[in-house]
Amino acid sequence: MRMRILILLVAVSVLCIATTYIQGQSPASAAKIKTAAKPQPSHATPAYAEVLLRQTELSAELESLTDEYTDEHPRIKEIRASLGLLKKEVGRLEAVSPSDTPKLSIALGRLIVKKVEIETEIWKLLQTYQEQHPDVKKARRKAKIYEDAIKDVLGESVTR
């Protein structure tokens with residue numbers, strides 16, 4: 001009886017390992033994925049929700065545009081640039097320590113979204129103008145105001 005149970009346990013273990021390998025993952029990487037799937041404390045904050053909302057809106061617009069236009073279309077390039085900037089900001093939110101998550105308010109999320117919109121505008125301007133152009137300089141000053149406000153909320157050092 002014990003021998004049958006032992007054989008059954010070994011068979012189940014082998015089956016689990018084989019299934020994992022068939023799916024293209026080693027058991028170690030499968031364990032890492034399970035560990036990495038734990039939700040970040042920052043993901044349950046209003047700031048993250050605001051940034052996620054903007055990411056979702058842009059992703060949906062990109063999806064609808066890719067049916068009609070190539071990757072070289074200006075609006076598609078612009079959306080991809082914005083999504084890259086938003087991804088960077090999500091990483092910044094995820095880096096906030098759990099004790100500081102109360103700082104991640106909806107106002108902070110709106111500041112981040114607005115800053116990304118301004119940085120996207122800078123990206124668009126740089127497609128036409130040089131860095132020294134007055135419109136680029138003006139947009140950079142505006143983006144710095146928002147960045148300083150974000151740093152102030154997060155308790156990071158602000159350079160004025």
Side-chain angles (χ1 to χ4, degrees), residues 20-21 23-160:
T20 304
Y21 278 109
Q23 293 174 347
Q25 302 171 352
S26 68
S29 66
K32 287 179 186 175
I33 290 170
K34 287 180 184 175
T35 304
K38 291 181 183 175
Q40 299 276 346
S42 61
H43 289 199
T45 64
Y48 180 82
E50 193 73 21
V51 173
L52 181 62
L53 172 63
R54 185 66 184 141
Q55 274 184 318
T56 304
E57 291 169 344
L58 288 172
S59 295
E61 183 180 351
L62 180 63
E63 183 65 31
S64 68
L65 288 174
T66 54
D67 290 340
E68 300 174 34
Y69 302 103
T70 67
D71 288 346
E72 297 304 311
H73 189 274
R75 182 63 183 144
I76 288 178
K77 287 181 174 182
E78 179 184 336
I79 291 171
R80 289 209 167 121
S82 291
L83 287 171
L85 293 167
L86 285 168
K87 185 176 181 180
K88 189 172 123 181
E89 292 298 329
V90 166
R92 185 178 186 182
L93 291 174
E94 290 174 344
V96 171
S97 69
S99 63
D100 285 340
T101 55
K103 295 178 180 179
L104 306 183
S105 66
I106 194 163
L108 177 65
R110 289 179 181 159
L111 284 169
I112 291 170
V113 168
K114 184 64 177 172
K115 184 188 93 152
V116 166
E117 288 173 1
I118 295 166
E119 288 176 339
T120 302
E121 183 62 30
I122 292 169
W123 178 87
K124 281 184 358 185
L125 287 168
L126 289 172
Q127 303 305 303
T128 307
Y129 303 116
Q130 296 292 319
E131 189 69 42
Q132 299 78 20
H133 192 277
D135 291 347
V136 175
K137 288 181 176 182
K138 180 180 175 182
R140 288 233 185 257
R141 287 191 305 269
K142 194 173 178 183
K144 183 169 179 355
I145 291 169
Y146 279 88
E147 177 61 24
D148 287 349
I150 292 166
K151 284 181 176 181
D152 190 35
V153 170
L154 293 175
E156 299 172 357
S157 61
V158 178
T159 56
R160 304 226 181 212

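Note that the structure is predicted; figures quoted are calculated from it, not measured. Just so it is clear, the values below take in all heavy atoms, side chains as well, and ignore hydrogens, waters and symmetry mates. We're numbering straight along the sequence, starting at 1.
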Between [X] and [Y], which heavy-atom pair has the shortest distance, and what is it?
X	Y	value
Thr120	Ser82	OG1-OG, 2.7 Å
Ser105	Pro46	C-CB, 3.9 Å
Gly109	Val51	O-CG2, 4.3 Å
Tyr48	Ser42	CB-O, 3.1 Å
Pro98	Pro102	O-CD, 4.3 Å

So do [Y] and [X] actually touch side chain to side chain, heavy atoms under 4.5 Å?
X	Y	result
Asp100	Leu154	no
Lys115	Glu89	yes
Leu52	Leu86	no
Glu119	Tyr146	no
Leu65	His73	no
Val90	Glu94	yes
Glu117	Arg54	yes
Arg141	Ile145	no

Can you measure from [atom1] ([X]) to [atom2] ([Y]) and round to the nearest 0.5 angstrom?
X	Y	atom1	atom2	answer
Ile79	Gln55	CD1	CD	13.0 Å
Asp67	Leu62	CG	CG	10.0 Å
Ile150	Leu93	CD1	CG	9.0 Å
Thr66	Arg80	OG1	CZ	7.0 Å
Lys138	Ile118	NZ	CD1	11.0 Å
Lys77	Glu72	NZ	CD	4.5 Å

Practice task
Take atom NZ of Lys103 as the centre, draw a 6.0 Å sphere, and report whether it contains more than 12 heavy atoms from other residues, nucleotides or ligands.
Solution key: yes
Practice task
Take atom CD of Gln130 as the centre, draw a 6.0 Å sphere, and report whether it contains more than 12 heavy atoms from other residues, nucleotides or ligands.
Solution key: no
Handout entry: No-hydrogen, no-angle side-chain donor-acceptor test under 3.5 Å, Thr45 and Thr101
Key = no
Problem - Derivation of the salt bridge (charged side-chain N to carboxylate O under 4.0 Å, His left out) call for Arg75 and Glu78 - result: CA-CA 5 Å; Arg75 182 63 183 144; Glu78 179 184 336; 2.7 Å; yes
Problem - Asp148 vs Asp152, side chain to side chain contact (heavy atoms under 4.5 Å, CB included): CA-CA, chis, key distance, verdict - result: CA-CA 6 Å; Asp148 287 349; Asp152 190 35; over 6 Å; no
Practice task
May I have the step-by-step check of side chain to side chain contact (heavy atoms under 4.5 Å, CB included) for Lys87 and Leu83, ending in yes or no?
Solution key: CA-CA 6 Å; Lys87 185 176 181 180; Leu83 287 171; over 6 Å; no
Handout entry: Salt-bridge present (Lys124, Glu121; N to O < 4.0 Å)
Key = yes
